[in-house]
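Note that this is a predicted model, so its numbers are computed, not measured.
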Amino acid sequence: MGVLWEHGPQGFGVMARSDSLSRQPGERWPQQRVTASAHGWGHRDGREAQTLSLAGAQTTQLLVEPPWRPAVLWDRVTLTCQGSGTAGATTWYKDGQHWWQQGRDRLSVTRSGTYTCGRPGTRRSPPVTVLDDPLVLQVPAQALLEGDTVTLRCRCRQENHLSRVRFYREEKDLGGSLRGTELSLSPLQLHHSGRYSCAGFMGSSMSWSAAVTVTVQELFSVPVLEGSPTPTEGSPLTLSCLSTPSPLRPRAPLLHVFYRDGQVVGGPQGSPQLLVPAVGVSHSGNYGCEVHSQGGAVRKGSARLRVMVRRVPPSGVSLSAQPPGAQVALGDSLVLNCSVTMGTGALSFSWNRGGSGALPGTGPRLELRHVGDNDSGQYRCRVSDGDSVAESDPMNVTVLVPVANATITPRPLSYQVRAGDNVTLHCSVQVGSAPVTFTWLHNRQEVAQGPLLELRDIEVGHSGTYQCVATNQLGQDGHRVFRALSPELALGVTPQGQGRPSVAAGVSGALFFLLLLVGVIVAWHRWHHVGGVPPDPPAPPEEGEVLYTHVVVTKRAGASPRATTLQDPQVTNAELPGPQGRPQEPGDIYGNVL
């Protein structure tokens with residue numbers, strides 16, 4: 001025997017012979033055609049095939065015992081109406097017509113047909129079909145969900161007379177054994193939905209069952225992955241794998257797995273969320289999630305979600321200096337540090353000084369060793385993440401040149417004047433950053449301030465040594481002070497009534513030499529007359545040696561120098577030559593005054 005489906009003008013039909021399952025030429029089997037109706041799939045003769053589907057929770061449910069659909073009359077079928085409404089006020093319907101008004105909630109079926117029930121204020125229950133066909137394909141009377149195991153059975157009144165059973169889905173032979181009467185579908189998948197029927201021999205005749213529509217419901221919906229597609233680097237990222245479970249099994253245990261670029265990054269876990277506390281650029285990629293039932297019989301994956309982690313652009317760039325204030329002495333070291341308030345990822349740093357272009361520094365720290373006066377200027381730091389750039393405010397770097405080579409004019413260092421004259425001394429430095437202050441010392445005692453010292457109507461009391469001290473300092477707080485001390489200037493004052501200072505000085509020297517010579521002659525003459533040995537004559541002064549007579553000057557009471565403070569002289573910012581080559585002048589004095 002054989003089975004052959006044929007597509008005719010009215011659709012697909014099944015043709016069978018009583019002695020074989022193959023169609024002979026010119027023979028046709030009577031067609032049993034299933035058509036759609038408001039209550040499911042039915043035959044052309046008006047009989048309905050049972051539709052097993054979930055249309056949502058019904059107010060009234062009709063339970064069948066034994067729990068198979070369609071029910072068969074020879075199983076002694078019992079129907080029970082359950083749901084809201086008044087118990088015992090059930091209305092029964094058969095084949096769409098009132099059949100039992102205000103009857104019992106439980107009913108034993110003795111006639112084939114399609115049954116429904118209802119109660120006042122409620123909707124009518126889904127239909128239950130009771131057949132009295134010779135061959136029936138039955139499906140369990142329960143909602144069929146993905147992952148379940150379901151058994152379809154082909155039955156006739158006298159089961160021991162049924163043989164060579166074949167099962168069909170959508171009129172296609174499913175194959176399998178020709179001896180069994182049951183078909184197992186495990187695990188159920190959505191693609192198992194469709195119209196099923198069976199055919200077999202009852203004795204020596206071939207019979208076909210009515211088609212039964214099997215609808216497999218989702219255990220849970222296809223998941224949707226939700227989350228921010230463009231999170232900011234350093235911020236948290238939450239991905240939610242959202243799937244709706246079936247209302248018939250709302251608490252079915254589900255597991256969630258998260259993927260990035262095909263690699264597992266989270267799960268399996270019961271929670272539908274994946275939390276990344278702080279994302280980085282490496283977290284960018286294509287994300288997806290999968291939901292599966294416990295045991296993995298049902299698996300569903302989401303569509304991909306492209307996540308691109310954005311960098312935080314650099315901002316809040318600022319500079320700090322060591323020493324503070326970016327004021328440094330010539331030859332010292334200066335360190336500039338560049339900091340960023342915000343900015344993620346790999347940051348690059350560059351430095352520049354106004355008017356001189358880029359500097360060799362490439363990190364957040366710029367160190368200048370042995371700074372020169374040409375290192376002064378406005379410094380900036382530029383930070384980039386490859387996409388955006390931020391720049392600091394300029395910082396003024398000041399290189400201070402310590403004062404050096406203080407001198408007093410007019411020269412020479414020995415200066416002779418007459419009482420009553422006016423004398424003006426000027427102090428200047430060869431190098432030194434402004435502002436430079438000047439202090440005058442008379443006989444090593446401070447007497448005046450300013451670059452000029454004016455002595456008017458000079459007196460004998462003004463005689464003595466004069467020096468000036470030039471000073472400049474680093475920082476407004478003066479944490480470092482530099483000083484340069486000039487050579488001494490000897491000032492002599494000749495009292496009124498004596499000759500000009502130069503002549504007097506010459507006369508005094510000649511007189512001293514003459515007296516000395518006379519004394520030597522007298523001593524030699526005395527020794528010669530006395531008979532003694534004359535002493536050696538004094539050695540003449542060596543070349544360059546100058547002898548001065550000691551002049552005693554009477555100081556007039558109240559006489560003191562007077563200084564006039566003028567504008568500081570212009571100083572040059574040049575590299576210091578130092579005190580070498582000036583052995584007869586006192587060295588410059590550098591000190592830290594705290």
Shortest non-hydrogen contact from Ser207 to Pro134? OG-CG, 4.2 Å

Testing the basics here: between Asp375 and Val397, what is the closest heavy-atom pair and its distance to 0.1 Å? O-CG1, 4.0 Å

Could you tell me if the side chain of Tyr168 sits less than 4.5 Å from the side chain of Cys198, heavy atoms only? no

Does a donor on one side chain and an acceptor on the other come within less than 3.5 Å for [X] and [Y]?
X      : Y      : value
Thr149 : Ser186 : yes
Arg310 : Thr232 : yes
Ser318 : Ser392 : no
Arg155 : Gln138 : yes

Could you tell me which residues satisfy side-chain contact (heavy atoms from CB on, under 4.5 Å) with Arg299, sequence neighbours excluded, listed by chain and number? Glu290, His292

List the atom pairs, donor and acceptor, that lie under 3.5 Å between side-chain atoms in residues 268-279 and the rest of the protein, sequence neighbours left out.
from: Gln269; atom 1: NE2; to: Ser271; atom 2: O; distance (Å): 3.1
from: Gln269; atom 1: NE2; to: Gln273; atom 2: O; distance (Å): 2.7
from: Ser271; atom 1: OG; to: Gln273; atom 2: N; distance (Å): 3.2
from: Gln273; atom 1: NE2; to: Ser240; atom 2: OG; distance (Å): 3.3

Test the Arg380-Trp351 pair against the cation-pi criterion, namely NZ or CZ under 6.0 angstrom from the six-membered ring centroid and within 45° of the ring axis. no

Test side chain to side chain contact (heavy atoms under 4.5 Å, CB included) on Glu65 and Thr80; report intermediate values, then the result. CA-CA 8 Å; Glu65 187 66 32; Thr80 302; over 6 Å; no

Under the side chain to side chain donor-acceptor pair (under 3.5 Å) rule, collect the residues that match up with Ser348, sequence neighbours excluded. none

